[in-house]
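All values below were derived from every heavy atom in this structure, side-chain atoms included, with hydrogens, water molecules and symmetry-related copies excluded. Note that the structure is predicted; figures quoted are calculated from it, not measured. Counting from 1, the numbers follow the sequence of the chain as shown.
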Amino acid sequence: MSSSDLLLNLNQRALNLLQEDADKIEKLIEVQMENLTTRQCPLYEEVLDTQMYGLSREIDFAIRAGLISEAPGKQILHKLERNLAQLYEALNAKK
């Protein structure tokens, strides 16, 4: 395996792992959106915020380590931030 193949493999593995973590957060957001009729839970929001912060640190590390380029990492975060903003808007509209 050449060094460029190894780097490509590491890049793909890093992106896959980051996407798996992003998918878990996405699932948390979806569950909360489906349950808007239930009482708003500050603890749930705290968990989401903590998960988002952790993912942003993972992405930052992967970029700094050269495992991924900045664009795909920021794209993962941006998508989740939009979905999270929609959730918070829906929660605020419910009040």
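With rounding to the nearest 0.5 angstrom, the OG atom of Ser2 is 10.5 Å from the CG atom of Asn9. A distance of 12.5 Å separates CD1 in Ile25 from CD in Glu20, rounded to the nearest 0.5 Å.
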Derivation of the side chain to side chain contact (heavy atoms under 4.5 Å, CB included) call for Val31 and Leu28:
CA-CA 5 Å; Val31 166; Leu28 289 173; 5.9 Å; no
Stepwise, does the side chain to side chain contact (heavy atoms under 4.5 Å, CB included) test hold for Leu84 with Asp49?
CA-CA 9 Å; Leu84 197 55; Asp49 289 343; 4.2 Å; yes
Go through the steps for Glu45 and Gln32 under the test side chain to side chain contact (heavy atoms under 4.5 Å, CB included), then give the verdict.
CA-CA 9 Å; Glu45 290 179 29; Gln32 188 63 15; over 6 Å; no
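Other residues, nucleotides and ligands contribute at most 12 non-hydrogen atoms within 6.0 Å of the CD atom of Gln75.
For the residue pair Gln19 / Asp23, a side-chain donor-acceptor distance below 3.5 Å is found, with atom types taken as modelled.
Scanning for side-chain hydrogen bond (donor to acceptor under 3.5 Å, both in side chains) contacts around Asn11 gives an empty result, with sequence neighbours left out.
Linking ILVMFWY residues whenever their side-chain heavy atoms come closer than 4.5 Å, directly or via other members, leaves Leu15 and Leu7 in distinct clusters. Val47 and Met33 fall within a single hydrophobic cluster, where Ile, Leu, Val, Met, Phe, Trp and Tyr are joined by side-chain heavy atoms under 4.5 Å apart, directly or via other members.
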Name the atoms and distances for all side-chain donor-acceptor pairs under 3.5 Å in residues 50-64, with sequence neighbours left out.
residue : atom : partner : partner atom : Å
Thr50   : OG1  : Glu46   : O            : 2.8
Ser56   : OG   : Tyr53   : O            : 2.7
Arg57   : NH2  : Asp60   : OD2          : 3.2
Asp60   : OD2  : Arg64   : NH1          : 3.1

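Minimum interatomic distance between Ile29 and Asn83 (heavy atoms only, all atoms of both residues): CG2-O, 3.9 Å. Nearest heavy atom pair, residue Leu67 against residue Ala14, reads CB-CB, 4.0 Å.
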